[in-house]
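Please read the structure below before turning to the comments.
Since the structure is predicted, the reported quantities are computational estimates derived from the model, not experimental observations.
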Amino acid sequence: MTQHTINVTPEKVNNDRRILELLAQTFPNISAASTEIINLEAILNLPKGTEHFVADLHGEHEAFLHILKNASGNIKRKVTDLYGTTMLDSEIRQLCAMIYYPEEKLQSIKAEQEDLDDFYNITLHKLVKVCRSVSSKYTRSKVRKALPKEYAYIIEELLHESGGDYDKHAYFNRIIETIITTGQAEPFIIAMCNVIQKLSIDQLHILGDIYDRGPGAHIIMDTLCHYGNWDIQWGNHDILWMGAAAGNDACIANVLRVSLRYGNLATLEDGYGINLMPLATFAMEAYADDPCKDFETKSVEEGNTHTVKTLKLMAKMHKAIAVIQFKLEGALIERHPEWGMADRRLLHQIDFEKGTVTIDGKTYQMNDTCFPTINPNDPYALTPEELHLVHKLHHSFTVSTGLKRHIETLLSHGCMYGIYNSNLLFHASMPLNDDGTLKEVEVRGRKLKGKDLMTGIGMMLRSAFNDDAPEEDRAYARDYYWYLWCGPDSPLYDKDKMTTFERYFIDDPEAKKEEKGAYYKLRDKEEVCDMILNEFGVEGSDRHIINGHVPVRTGRGESPIRANGKLMVIDGGFAKAYHKTTGIAGYTLIYHSSNFELVEHEPFTSVEDAVKNGSDIVRSKKMVEQTARRKCVRDTDNGKVLQSQIGELTELLYAFRHGMIKEVNRQRT
């Protein structure tokens, strides 16, 4: 939309006068308003920025940091486009390794290269060319903001000097030579590589589940706290940690149990300073003679550094917190009969003399009947020692400054769903009836469905951290975090039950089955996806739903592309625990200005391997969808905002020219 196509009338200006007066404080005269319109019109015609979609990171910080550094292969694609006919593939891999890990690569090069000045010269010229390529779709202003302050002026000069004529060529070369002779080559190369990484992706979308299983969720969150443009659609594992930070004791117990199940204590202890000594002390006393065989850690991968003694202690801690969890959950379910989860209160269904438990009318033999802290006459009551332990753990979670900072970041950058450029993003599910219609879910006395359900839940959850909210609202929100973790109508779970108790204490596989909700059965139907997209007001001929949560078993022939391309499920199993199940090590999705590209990843080995061999962990790429024409900023959500701003500025020009609003001066301030 250009200035002359906007129909401006005196009536419209009068109606918008308050807005225009506020706008005039920033653009006080015709010159300033006109300049901004020209700038915005130019931006509208730039290529759309590259979007990067990832899901279900599950604490695998090394793999996550690597895909941030290589932009899921996008950087190598750029380098290959530039140098594919002039460099060997091995040379391209080495240059890419330099861009991904400049500090480590430079140390390696210094040990091998004799003529470092020559290496610096060649490398700097190549990096400048790559940086020009990745920055070409952005304004100079946006590129400038991505530059490190100490080298911003020099990098900007290099990026915008083509060296086409002799004078410019000499000028360009002299800058490079001076960088080297002043001893700034290494820090300058590092700075250039970091700029290339930043500019290779315009927006990062995370479809939930940063937490659990892997050892570095806190490292991922630390990275995101300092990252540029990103958003998250909360996953059930994120919600569990958010609930723990809010003070939900059942969530705290689940967080501890899952961490112990996978032998991952680094996030708890190193990341958030959670004191596990009280749990260890309690477990050693209460379960001293119990081998806790079925509670041994699943962390049997290579690189596990736990000693045999530590593993035995962790098994006892694991069982101790699991039993406490079942007691806390029983009380929570009893407090909220509206959740319809009474069948998940199982401790009172145990026959302690026979060693059996009755579930849904069927009696099962239990493989473990050692419950020293359960009173058969009052099975959900915490012992005094357990109650004291719960209080200590509650305090440890709620006072952790690191956890608080990370949860605040999740709240400020995320919600239950997101809509970006005709793509509807949510972690797991949209509750549906069996006939494919939207299912009504009761949330604190209100029946909600579809967009209203997701919006209502997102708003309600925030009240748990809002000191100004009534305590009744905060208490319900704290409780609801646990329901979202495992409730049957939770959009983040959507199964009839979570069979945690059965997985520990019953060998019969029938008892462990979890029935998925209707969404998982109907999501392959294009008409169902269209109905959901319509519900959220997602428009466009190339609109999609993008999910994570359920690992795609590529090894069994499952496809992440469903519903005739309307749905993409990109949980390929970043967590090492899923690699055998999925057959790969995760999916990422790249949305360029001209196509959607699905990237299939191999397991990340190590930084050392990436530096030495230039390994990229990109197993394969598949073009999911080719757009009819290259998309510009004008075609994006941000483009609509910019066009609206142009409309307002055009009204302001009209007001200035007709004396309806007075100009301040002829110079923009």
> Given the rule in the side-chain contact (heavy atoms from CB on, under 4.5 Å) test, do Leu44 and Ile646 qualify, once you have shown the distances and angles that lead to the verdict?
Replying inline: CA-CA 11 Å; Leu44 287 174; Ile646 290 172; 3.6 Å; yes
>> For Arg630 and Ser594: C-alpha separation, side-chain torsions, deciding distance, then whether side chain to side chain donor-acceptor pair (under 3.5 Å) applies.
In response: CA-CA 5 Å; Arg630 192 177 194 189; Ser594 57; 5.6 Å; no
>> Set out, in order, the CA-CA distance, both residues' side-chain angles and the distance that settles salt bridge (charged side-chain N to carboxylate O under 4.0 Å, His left out) for Arg543 and Asp530, then state yes or no.
In response: CA-CA 9 Å; Arg543 58 186 187 166; Asp530 277 328; 3.2 Å; yes
> Would Lys449 and Thr437 satisfy side chain to side chain donor-acceptor pair (under 3.5 Å), going step by step from the backbone distance to the final call?
Replying inline: CA-CA 10 Å; Lys449 61 182 179 179; Thr437 57; over 6 Å; no
>> For Ile206 and Asp231: C-alpha separation, side-chain torsions, deciding distance, then whether side-chain contact (heavy atoms from CB on, under 4.5 Å) applies.
In response: CA-CA 6 Å; Ile206 302 176; Asp231 55 83; over 6 Å; no
>> Pair His205, Phe53 - check ring pair (Phe, Tyr, Trp, His ring centres under 6.0 Å), show working.
In response: CA-CA 5 Å; His205 305 289; Phe53 301 80; 4.5 Å; yes
> Between His66 and Tyr100, is a ring pair (Phe, Tyr, Trp, His ring centres under 6.0 Å) present by the stated rule, with each step listed?
Replying inline: CA-CA 8 Å; His66 188 71; Tyr100 307 156; 5.8 Å; yes
> side-chain contact (heavy atoms from CB on, under 4.5 Å) between His237 and Ile210: does it pass, once the steps are laid out?
Replying inline: CA-CA 7 Å; His237 287 268; Ile210 288 173; over 6 Å; no
>> Evaluate Val528 against Leu432 for side-chain contact (heavy atoms from CB on, under 4.5 Å), listing each step before the verdict.
In response: CA-CA 10 Å; Val528 171; Leu432 300 176; 3.8 Å; yes
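When the ring-ring contact (aromatic ring centres under 6.0 Å, His included) test is applied to His52, no partner is found at least two apart in sequence or on another chain. For the side-chain contact (heavy atoms from CB on, under 4.5 Å) test, residues two or more places apart in sequence or in another chain that qualify with Asp467 are Arg474. For Phe64, the ring-ring contact (aromatic ring centres under 6.0 Å, His included) test picks out no residue, with sequence neighbours left out. Every residue two or more places apart in sequence or in another chain was checked for a salt bridge (charged side-chain N to carboxylate O under 4.0 Å, His left out) with Arg446, and none qualifies. For Glu597, the salt bridge (charged side-chain N to carboxylate O under 4.0 Å, His left out) criterion is met by no residue, not counting sequence neighbours. By the side-chain contact (heavy atoms from CB on, under 4.5 Å) test, Met459 pairs with Thr455, sequence neighbours left out. Under the salt bridge (charged side-chain N to carboxylate O under 4.0 Å, His left out) criterion, Lys142 pairs with Asp202, not counting sequence neighbours. Applying the salt bridge (charged side-chain N to carboxylate O under 4.0 Å, His left out) test to Arg144 and every residue at least two apart in sequence or in another chain returns Glu156. Taking the side-chain contact (heavy atoms from CB on, under 4.5 Å) definition, one finds that His61 meets it with Pro215, Ile219, Ile220, sequence neighbours left out. Residues passing the side-chain contact (heavy atoms from CB on, under 4.5 Å) test with Asp452, sequence neighbours excluded: Leu448.
In this structure, Tyr480 and Ile239 have side chains that are not in contact, with every pair of non-hydrogen atoms separated by 4.5 Å or more. Ile30 has its side chain out of reach of Leu652: every pair of non-hydrogen atoms, C-beta onward, lies at least 4.5 Å apart. With a 4.5 Å cut-off on side-chain heavy atoms, Val664 and Asn29 do not count as touching. A heavy-atom distance below 4.5 Å is not found between the side chains of His58 and Tyr211. Side-chain atoms of Ser200 and Thr50, non-hydrogen and from C-beta on, never get closer than 4.5 Å to each other. The shortest side-chain heavy-atom distance between Ile232 and Leu224 does not fall under the 4.5 Å cut-off. When side chains are defined from C-beta on, Tyr519 counts as touching Ile532, because their heavy atoms get closer than 4.5 Å. Between Leu411 and Thr409 there is no side-chain heavy-atom pair separated by less than 4.5 Å.
For the pair Lys48 and Tyr591, the distance from NZ or CZ to the six-membered ring centre is under 6.0 Å and the angle to the ring normal is within 45 degrees.
Neither side chain, Thr636 nor Asn638, offers a donor N or O lying under 3.5 Å from an acceptor on the other. Looking only at atom types and distance, the side chain of Asn39 has no donor-acceptor partner in the side chain of Glu41 under 3.5 Å away. Residues Asp571 and His549 bring no donor and acceptor atom of their side chains to less than 3.5 Å of each other. Checking Gln203 against Asn421 by side-chain atom types alone, no donor-acceptor pair falls below 3.5 Å. Between the side chains of His406 and Asp222, a donor-acceptor pair is found at a separation under 3.5 Å.
Applying the ring-ring contact (aromatic ring centres under 6.0 Å, His included) test to every pair with at least one member in residues 626-656, sequence neighbours left out, gives these pairs: Tyr654-His658. Among pairs with a residue in residues 30-49, none fulfils ring-ring contact (aromatic ring centres under 6.0 Å, His included), at least two apart in sequence or across chains.
In summary, Arg18 and Glu21 engage in a salt bridge, as defined by a charged side-chain N under 4.0 Å from a carboxylate O. Using a cut-off of 4.0 Å between Lys/Arg side-chain N and Asp/Glu carboxylate O, Glu526 and Lys566 are scored as salt-bridged. With respect to Lys631 and Asp542, a salt bridge is recorded, a charged nitrogen being found less than 4.0 Å from a carboxylate O.
A distance-only check finds no donor-acceptor pair linking the side chain of Lys439 to the backbone of Met430 [under 3.5 Å]. In this structure, the side chain of Asn433 does not engage the main chain of Asp435 through any donor-acceptor pair within 3.5 Å. A donor-acceptor contact shorter than 3.5 Å is absent between the side chain of Arg634 and the backbone of Asn45. Looking at Gln197, its side chain never comes within 3.5 Å of a backbone N or O of Asn70 through a donor-acceptor pair. Using modelled atom types, one side-chain atom of Trp234 and one backbone atom of Leu410 make a donor-acceptor pair closer than 3.5 Å. Side-chain N or O atoms of Thr35 include one that pairs as donor or acceptor with a backbone N or O of Ser31 at under 3.5 Å. Checking side-chain atoms of His427 against main-chain N and O of Leu207 turns up a donor-acceptor pair under 3.5 Å. Side chain of Glu36 to main chain of Phe27: no donor-acceptor pair is present (N/O by atom type, distance under 3.5 Å, no hydrogens or angles). Of the possible polar contacts, one joining the Asn14 side chain to the Pro10 backbone as a donor-acceptor pair under 3.5 Å is found. Side chain of Asn74 to main chain of Ile590: no donor-acceptor pair is present (N/O by atom type, distance under 3.5 Å, no hydrogens or angles).
Below 30°, between 30° and 60°, or above 60°: for Phe426 and Phe536 the angle between ring planes is below 30°, a parallel geometry.
More than 12 heavy atoms of other residues, nucleotides or ligands lie within 6.0 Å of NZ in Lys521, so this atom counts as buried by the packing criterion.
Two rings, from His601 and Tyr587, have their centers 6.0 Å or more apart.
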